[in-house]
Each structure stands twice: as structure tokens, then as C-alpha cells.
Amino acid sequence: MLLVPYIRENKEAVATALKIKNFKDIDILDLIVNTDDNRRELQKKLDDTLAESKIIAKEIGGLFKSGKIEEANIKKAKTGELKELSKSLSDDLAEAKKKLTYLLLKVPNIPHPSVIAGNSDEDNEIIKNIGEIPEMPDNALPHWELTEKYDIIDFELGNKITGAGFPVYKGKGARLQRALINFFLDEASNAGFREVQPPLLVNEDSGYGTGQLPDKDGQMYHVGEDNLYLIPTAEVPITNIYRDVIVKAVDFPIRNTAYSQCFRREAGSYGKDVRGLNRLHQFDKVEIVVIDHPEKSYARLEEMTNYVQSLLVKLELPYRLLRLCGGDLSFTAALTFDMEVYSAAQKRWLEVSSVSNFESFQANRLKLRFKDENGKTQLAHTLNGSALALPRIVAALLENNQTPEGIKIPKALVPYTGFEYIN
RNA sequence: GGAGAGGUGCUCGAGUGGCUGAAGAGGUACGCCUGGAAAGCGUAUAAACGUGAAAAUGUUUCGAGGGUUCGAAUCCCUCUCUCUCCGCCA
């Protein structure tokens, strides 16, 4: 959520910036300011009314004590009116606040000045290409055939047990998963991230805190009996650690990492692009989350992006780094870098990581604050990124490393898998 | 799941209808004292929202929400969380 005072003072700039994100409903900004004016006015009236009745209540107390019952009763009658007035004012105020929040939730985050306009992923800026795209023989197989050939990931079995998008990892496939998880967690620890193991189900408040609710309600699995949601990413529980928290500035930067399974309904996405491991309902991911001072957040974003790239380099995967254009940027992000790995057999780029700075957008919803040098509380900046999500990494590893002898495991991973080839 | 007890500020803890945003203690910060430190002494120490140029000041918040009352941390209702006992159980 954007801050109302910020919108108020920078309305033109906000409007211009939001156009880069293809946000159409610019008039909403005026509506927000008007609603806020109304809210303030009601607040003032309510405060005054309450202050008055408070004074009278005290007077009545005094009168009762000194035995002036009659006078007290006269005063009592007077507070009746005030009570009714304050009741209606506080109803109006609650209504105005609700409306304001509703409006604010509709406004996306403001993109960073470096973000260019654009409509889709085709307009994203390619910042660099790293690694050589391997030349594959004509008979190179896509991963969904390799997994069957080596019997390491069973999609059919998953269909039987649960449904599409819930594969069963078997033998070296299962082992490879575990190896990647441990590799990513170890790397993150070495890079200064604290490892946490969060719950996989979260309550409604947490869903709102990180913005999955209400917008993405239908994308999360919901356990109705207990009104809990399966997390779509560890970002949700980790970031919510800091919901309603005032952190100490000396603790900055606060770096956390967590491995979790992620659950996504992916309602409405079917077709060729989602075959095999490209899109799953349940998958594994190691996430990194950073909280820092507003002045430091962009340096931190770069640091995180570099860190994720270092993982790809160690895994010997050719990748490219993209800066998302306004149209492809998520609702909450101010700036996002995507890393895409080249999948040789599918002949396409697969997004394996998204690293974003949300500035204070998330923190405002979360009420995640810190005390600055002057002792003032202000919103912190939050960032997060995948480091990394497994399925597409596995897909690329399988496809790019297929050899007549089997799938060659990259050197960095061998200590974790305990084998050099899947065959 | 059944029975009971409880949730007060950074922490502990008092408080059963008005003088309590909240005693007292601890912690922390600053100052005094000291050659330095400890002890001692003094002062400060929540957040949100309003008004104000600022100093300042109003309102709200004692798990959450609702109710009773002129007035609620204190009484009533609902929910939630924690603890104890029983049951069940990875």
C-alpha cells in the first residue's frame, strides 16, 4: 500500500509513474485524497465530541461524590446527545477508513525510475547473458521424457495419488531434490542469511500482510475447516515474522532464508508451456528475504541479484538477467530482476528467480517499521527473491546436461547428490 | 475433544467501575557522582490517528470484537491465544 501523505504531496508524479505500470485508473488518486480529507474531518469531530463527554463524565463523578445527585442527573441527560453523536461519527469514520483502505489496495506500487514502459515479458530489458548456450543434438529430449527414461520423476503416479501438478520424485530424482535444497540453504547461510523453517499454513492476517489476500485469493489452497491457507511461497510466513514489528535499525540488514514447499492452484494456466516441471501445484523453493533501511534497499537488491547469479554460475547453467518492464512488474514490486535459465531441449528461457524490491509497499501493510536516527518510527523496505525454485532448475539441469552416459551432475552439486551421473 | 485457570507497557507485576496510559520493580538511554568502573542519585523510556510552523495538545489502544454505564483494564457476551489436568495421538 502506498502512503496517503505521499500520494497527497506527489500526485502528479505518482500518476505519471503508475502509467509506466499500465495502471489506468488514475482518477482513483483524487478519490483517495478526498476520502482521506473526509476521514480527517470525521476524526476531528469525533475527537472533540469524545473529549467533551469525557469532561462531563468526570464532572458527574465529582458531583456524585459530593452528593449533588440532582445536578449530576441533569448533566447525565446532556451526555446522551453526545453519545449518540459520537456513535454516528465513529460509524462514519470506520466507513471512511474502510473505503480508504479499499481504494489504497487497488493502487499498485510505484515503479523505480529505471523501469521502462512495456506491456509484457517481451518488453523486458535483457541486461546480460552469461554462459554458453549448449549445442544439443537433434535427438535431445525434453525433461519430461528424460524423467521417464531414467525413472526419476513420475508425473503419472502423482496424477493417481493427487492430481496433475503433483509429481512423485523417485530414487536419484528424489535425491537430486534433496541435494539442491541443501546446496541452496548452505549457500544462503554462507552468504549471511539466517535459516528459518516456517509453517506451511498461514492464517488470514498473514495472507493480507504480504498481499496475497485479497487479490490472489483463488490462487492459494484454502483449508476451510480451520480457515488457513497453504503458502504459495515462504515469503509469506517469513515476511510475516515482522508483521506489526518495530525492528531495531542496528539489526539492519535483516536477512532470512527458508526452504519450503510451495502450493499454488495456478487456476487458469494450461497448455504446452506448463508441461512437465515448467509449472506445478506443489514445488520446492529456497527463498531469501531481506529487510533494510530505505537508503540501503537498492544496494541490497543488487547484492541479492548477484547472489542468485552466483548460484546459477555454480550450477553451470547459462542464464540471462532481465529487468522487468512496467507491464510485467508485479503489483507490489518497485523493481524486479528476473533470472532465466536456458532450457536447451525446449529451446526456451525458463524463469527461475525473481528478485524484487518492494520498498515500503509491503511494509506499510505489514506495519513493519524501525526507529531512525532521530528516534522517529518509519517504514522499512522489504525485498525478496527465489534462491532458487527447484523445478525449472531441475528441468534445465536434465536437459542441458544430457549425455550418452546419462545426466551429468554439475561439480558443485556432486558432494550433495553423492553421484555424478543419473543413468 | 472434555474440565479448569489466565492474557495489563521492552520484561516482570499491581490494579474488581471515576483521581489509572496505567503503582512498583527490572531493563535500556542520558545526566550527576567517580581517576575509571560498579554502586548510588536524577531524568527519560509505547503506538496509531487528529490539530499545530513549533512548543504543545486532543482522541484511541490493558489479547480481539461487541454490549452494559454519565464513566470500564475493572461488569456481561462472543472469539482467540497460553497454561494445568483428563482423553487421543505423530
Side-chain angles (χ1 to χ4, degrees), chain A residues 1-9 32-105 197-209 213 223-229 237 240-251 254 261 291 360 362-380:
Chain A
M1 267 192 328
L2 296 178
L3 290 161
V4 179
Y6 184 82
I7 296 177
R8 199 181 271 281
E9 282 159 34
I32 286 171
V33 172
N34 291 341
T35 308
D36 191 50
D37 285 341
N38 183 234
R39 194 204 98 244
R40 284 196 202 182
E41 198 181 311
L42 289 166
Q43 179 81 55
K44 174 112 180 68
K45 279 187 191 162
L46 177 63
D47 284 359
D48 291 347
T49 310
L50 287 174
E52 196 180 340
S53 46
K54 229 173 148 174
I55 290 165
I56 296 177
K58 279 199 179 150
E59 287 173 0
I60 293 172
L63 290 171
F64 271 123
K65 278 227 172 116
S66 50
K68 296 175 182 163
I69 311 292
E70 261 179 59
E71 273 184 61
N73 283 331
I74 294 166
K75 293 244 179 199
K76 262 199 206 183
K78 203 172 181 183
T79 56
E81 290 169 40
L82 288 173
K83 205 181 171 187
E84 255 177 63
L85 181 59
S86 64
K87 173 98 180 122
S88 94
L89 281 170
S90 77
D91 286 349
D92 292 349
L93 181 62
E95 190 59 38
K97 281 184 179 171
K98 210 171 128 189
K99 185 178 172 191
L100 186 61
T101 306
Y102 170 79
L103 292 171
L104 285 169
L105 286 176
Q197 210 178 70
L200 302 183
L201 282 91
V202 295
N203 59 27
E204 242 177 350
D205 284 347
S206 294
Y208 279 98
L213 293 174
V223 184
E225 182 90 358
D226 296 294
N227 197 23
L228 296 172
Y229 293 84
N240 271 285
I241 293 173
Y242 301 96
R243 169 156 50 85
D244 293 323
V245 171
I246 298 177
V247 299
K248 296 198 185 91
V250 292
D251 293 333
I254 298 171
Q261 308 216 308
I291 298 164
S360 62
Q362 259 187 346
N364 188 23
R365 261 206 213 189
L366 286 162
K367 298 281 170 279
L368 161 50
R369 292 155 297 173
F370 70 99
K371 279 208 197 297
D372 66 18
E373 311 72 45
N374 307 318
K376 285 228 174 199
T377 47
Q378 59 167 298
L379 295 171

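Because the structure is a prediction, the values reported are computed rather than measured. Hydrogens, waters and symmetry mates are skipped; everything else that's a heavy atom, side chains included, is used. Throughout, a chain's letter reflects where its sequence line sits, starting with A, and its residues are numbered from 1.
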Using the closest heavy atom to pick a nucleotide of RNA chain B for each, name whichever of A:Thr377 or A:Gly62 lands nearer the 5' end.
A:Gly62
Atom P, compared across B:G6 and B:C76: separation rounded to whole Å:
12 Å
Over how many whole Å does the gap from A:Phe370 atom CZ to B:A46 atom P extend?
19 Å
Beyond-backbone contact of A:Val4 with A:Leu104, side-chain heavy atoms, under 4.5 angstrom
yes
Pairwise C1' distance for B:G40 and B:G18, with rounding to whole Å
39 Å
B:G58 to B:G52 separation - P atoms, rounded to the nearest Å
16 Å
Tell me the closest heavy-atom pair linking A:Ala380 and A:Ala363, and the distance in Å.
O-CB, 3.1 Å
B:A46, OP1 or OP2 - any side-chain N/O from A:Lys371 closer than 4.0 Å?
no
Atom pairs and distances, donor-acceptor, side-chain atoms in residues 47-63 of chain A, under 3.5 Å, two or more places apart:
residue : atom : partner : partner atom : Å
A:Asp47 : OD1  : A:Gln43 : NE2          : 3.2
A:Asp48 : OD2  : A:Lys44 : NZ           : 3.2
A:Thr49 : OG1  : A:Lys45 : O            : 2.7
A:Ser53 : OG   : A:Thr49 : O            : 3.1
A:Ser53 : OG   : A:Leu50 : O            : 3.2
A:Glu59 : OE1  : A:Lys75 : NZ           : 2.7

Does any residue of residues 36-56 of chain A have a heavy atom under 4.0 Å from RNA chain B, and if so, which ones, in number order?
A:Arg39, A:Arg40, A:Gln43, A:Lys44, A:Asp47, A:Leu50, A:Ala51, A:Lys54
C1'-based separation of B:U8 from B:U82 [nearest Å]:
15 Å
P atom, B:A39 versus B:U28: distance in rounded Å?
9 Å
Please identify each residue that fulfils side chain to side chain donor-acceptor pair (under 3.5 Å) with A:Ser206, with sequence neighbours left out.
A:Asn203, A:Arg243
In terms of heavy-atom contacts, A:Phe370 and A:Leu379 come closest through CE2-O, 3.4 Å
A:Leu105 and A:Arg365 have their tightest heavy-atom pair at CD2-NH2, 3.1 Å
Want to settle it: does A:Gly61 or A:Lys97 sit nearer the 5' end of RNA chain B, counting the closest nucleotide to each?
A:Gly61
Residue matched to B:A39 through Watson-Crick or wobble contacts both under 3.5 angstrom
none
Grab the two heavy atoms, one from A:Ala249 and one from A:Lys371, that are nearest each other, plus how far apart they are.
CB-O, 3.5 Å
Closest approach of A:Ser86 to A:Leu46 (non-hydrogen atoms, all atoms of both residues)
O-CD1, 3.5 Å
Roughly how far apart, to the nearest Å, are B:U43 and B:U51 at atom C1'?
29 Å
What does B:G50 pair with, Watson-Crick or G-U, if both distances are under 3.5 Å?
B:U57
Over all atoms of both residues, closest heavy-atom pair of A:Ile32 and A:Leu103
CG1-CB, 3.7 Å
For B:U45, what is the paired nucleotide under Watson-Crick or G-U wobble rules, both distances under 3.5 Å?
B:G27
Taking only the C1' atom of each, what is the distance from B:A23 to B:U60 in whole angstrom?
23 Å
By ring pair (Phe, Tyr, Trp, His ring centres under 6.0 Å), A:Tyr229 pairs with (sequence neighbours left out) A:His222
Gap in Å between the two C1' atoms, one belonging to B:A29 and one to B:U78, rounded:
43 Å
At a heavy-atom distance below 4.0 Å, what parts of residues 73-89 of chain A sit against RNA chain B?
A:Lys76, A:Thr79, A:Lys83, A:Lys87
Counterpart base for B:U78, defined by Watson-Crick or G-U wobble contacts under 3.5 Å:
B:A64
Show the distances under 3.5 angstrom between N or O atoms of the protein and N or O atoms of nucleotides 73-80 of chain B.
none

